[in-house]
Amino acid sequence: MHATIQKPIEEILGALKPDEKVFVVGCGNCAEKCHSGGPKETAEMAERLKKRGVNVVGFASTESGKSLCKLSLTRKVLMEEHIDEVEQADSFLVLSCGQGIHTVIDATDGGFVHPGCDTIFGGETYGDNIIKEYCSLCGECIIDKTGGLCPVTLCPKGLLNGPCGGSKDGKCEVNKDQDCAWQLIYDRLKKFNRLSDLEGYKEPKNYAKWSRPRWLELDVENKKSTFNSLAGSHTVVRD
Amino acid sequence: MSKLKEALKKGEFVVTSEVGPPKGVDIEHLLKDAEMLKDSVVAVNVTDNQSAVVRVGSMAICHLLKQRGIEPVFQLVTRDRNRIALQSDLLSAWVLGIENVLCITGDHPSLGDHQEAKPVYDFDSVNLVKAVSILNDGKDFAGNELEGKPAFFHGAVVTPEYEPMDLQILKMKKKIDAGAQFFQTQAVYDVKSFENFMNKVSGFNVPVLAGIVVLKSAGMAKYMNENVAGVFVPDDIIKEMADTPKEDRKKKAVEIAARIIEDIKPMCQGIHIMPLGWDDTVSQIKEAAGL
């Protein structure tokens with residue numbers, strides 16, 4: 001999931017021009033889980049803005065469990081179900097991750113958007129009240145050799161060949177309350193009697209696979225997926 | 001050839017020390033310190049934006065030391081440069097006559113004075129050691145041929161006081177496999193624990209220069225024990241320092257350092273003295289340790 005946090009209301013208000021007609025859009029999936037832009041927070045935002053004198057022409061969210069970042073769905077919500085209000089709007093205040101924000105641009109044929117949230121990371125919904133980051137979306141997963149724990153994400157330096165000299169008592173140099181990623185990796189591999197997985201030189205990452213923007217093409221019929229980045233087109237066939 | 005390499009090759013017990021460039025362009029003090037070290041050591045490390053604090057660059061100071069007949073060790077961290085800049089700086093250092101490199105990951109920017117900086121870490125220290133080895137072979141990291149190749153004497157760091165030790169040793173071994181030709185260590189105060197470490201790594205047959213941080217006070221020892229990774233000052237040393245009147249502390253610092261050196265001398269190939277501003281102690285420590 002894409003973790004998001006709402007921008008402070010002052011920042012949102014500061015981005016709007018006087019008399020700008022605003023339509024508020026939310027996401028029923030990740031943003032709902034983050035309480036930053038589900039159906040409830042979207043309705044609340046419309047009220048909060050109105051109370052502060054903003055001309056809110058309408059609001060809508062994908063239903064609970066459905067993602068705003070699916071273009072066909074968002075187009076249906078905005079351009080069919082809410083078309084009367086959408087047509088009046090100068091802009092869309094989008095309470096979702098950056099992907100959802102762009103989906104609103106595409107769904108409204110180039111409509112003007114304001115981000116209502118900061119997109120902070122891709123995370124695991126660890127509990128109802130906590131979302132944690134375990135993956136950096138780097139395009140080249142190496143955790144097979146690190147006990148399933150990603151040093152690119154869990155180590156602030158992203159070190160691939162072992163810990164730096166800064167960890168103390170199993171804690172990270174950047175924060176004494178944070179476990180050293182390499183201590184966690186070591187403990188896990190030791191538990192599974194697989195410490196030998198750590199042996200051998202690890203090449204630095206291929207950052208061309210982490211280039212932006214990247215895109216994925218799906219050929220469902222032929223069971224083909226193609227990942228495109230500056231490292232080139234990489235196709236996998238699920239045969 | 002690198003004087004450091006030569007000395008180690010000859011089997012001399014090598015002494016190195018280090019200077020830290022200032023924040024700002026007033027370098028007279030640093031050059032004075034370096035001159036003071038000149039006759040006591042084989043080489044002087046120059047730190048690279050140490051503690052993630054912006055300072056005069058290591059390469060520039062290494063060059064100035066070289067001009068003054070002082071053998072520099074160019075410390076290079078992977079925190080601030082990607083693989084293009086690292087290799088370029090290495091080639092630049094070589095054309096300036098700098099022959100020794102110490103490959104380090106570097107403290108995280110969050111510990112320094114530009115906490116909003118983008119941490120680079122394109123390479124880790126092992127990758128950097130490998131990159132220097134590849135440059136020495138006449139190629140760049142991407143496999144392209146170089147017009148004229150350097151012959152760096154390159155090393156890396158290791159922390160003997162580390163738990164779990166086998167994880168530290170595993171990384172040390174990776175550095176050796178990548179081509180590291182020498183090691184300098186984090187501060188050593190606990191002789192027993194250093195001996196234990198050296199027993200485990202002596203089979204690697206790569207010279208180890210043990211780190212000696214000049215202990216200025218009991219407070220400094222306690223601070224390091226609590227806050228500095230890989231440093232452990234035993235209680236008896238702390239007590240010894242605490243029982244010393246302020247005016248005699250420098251003398252005591254020399255005595256403690258010399259005693260540790262005498263004890264660890266048979267275990268390693270040299271020492272790296274970090275005087276932390278008490279540069280005048282380096283020659284005294286050498287003398288007191290009988291070097």
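Within every chain, numbering begins at 1; the chains are lettered A, B, ... in the order of the sequence lines, protein sequences first and strands thereafter.
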Give me the ring orientation class for B:Phe123 and B:Phe141: parallel if the planes are under 30° apart, tilted from 30 to 60°, perpendicular past 60°.
-> tilted
Under a 4.5 Å heavy-atom cutoff, which of B:Pro164, B:Pro109, B:Ser110 has the most pairs with chain A?
-> B:Pro164
Does the side chain of B:Glu195 come under 3.5 Å of the side chain of B:Asn199 through a donor N or O and an acceptor N or O?
-> no
Examine whether an atom of B:Lys130 lies under 4.5 Å from a heavy atom of chain A, and if so say whether it belongs to the side chain, the backbone or both; otherwise answer neither.
-> side chain
Going by atom types only, do B:His272 and B:Thr185 share a side-chain donor-acceptor pair under 3.5 Å?
-> no
Interface residue of largest heavy-atom contact number with chain A, from B:Asn127, B:Asn227, B:Thr159, under 4.5 Å = B:Asn127
Segment of B:Gln186 engaging chain A (4.5 angstrom heavy-atom cut-off) = neither
Applying a strict 4.5 Å limit to non-hydrogen atoms, the region of B:Val228 in contact with chain A is backbone
Considering only heavy atoms from C-beta outward, does the side chain of B:His154 approach that of B:Asn136 to under 4.5 Å?
-> yes
Can A:Glu173 and B:His108 be counted as having a side-chain donor-acceptor contact under 3.5 angstrom?
-> no
Within a strict 4.5 Å, meaning less than it, do heavy atoms of the A:Thr119 and A:Thr4 side chains meet?
-> yes
Which residues, numbered in order, of residues 158-166 of chain A come under 4.5 angstrom of chain B by heavy-atom distance?
-> A:Leu159, A:Leu160, A:Asn161, A:Gly162, A:Pro163, A:Cys164, A:Gly165, A:Gly166
Under 4.5 Å from a heavy atom of chain A, the part of B:Asn82 involved | neither
So, B:Lys173 and B:Asp177, do they make that salt bridge, N to O below 4.0 Å?
-> yes
Turns out that what part of A:Lys176 lies under 4.5 Å from chain B's heavy atoms comes down to side chain
Non-hydrogen side-chain atoms of A:Leu95 and A:Ser36 separated by less than 4.5 Å | no
Flag the one option from B:Leu111, B:Asp122, B:Asp124 with the top tally of heavy-atom pairs under 4.5 Å to chain A.
-> B:Asp124
What part of B:Val158 gets closer than 4.5 Å to chain A, counting heavy atoms only: side chain, backbone, both or neither?
-> neither
The interface call for B:Gln115 against chain A, heavy-atom contacts under 4.5 Å, is neither
Looking at B:Asn45, B:Asn49, B:Asn100, which one forms a side-chain hydrogen bond (donor to acceptor under 3.5 Å, both in side chains) with B:Gln75?
-> B:Asn45
According to the interplanar angle, ranging from 0 to 90°, do the rings of A:Tyr207 and A:Trp210 count as parallel (below 30°), tilted (30 to 60°) or perpendicular (above 60°)?
-> parallel
Please flag which part of A:Lys157 lies under 4.5 Å from any non-hydrogen atom of chain B: side chain, backbone, both or neither.
-> both
Run through B:Arg55, B:Arg79, B:Arg81 and flag the one making a side-chain hydrogen bond (donor to acceptor under 3.5 Å, both in side chains) with B:Asp48.
-> B:Arg81
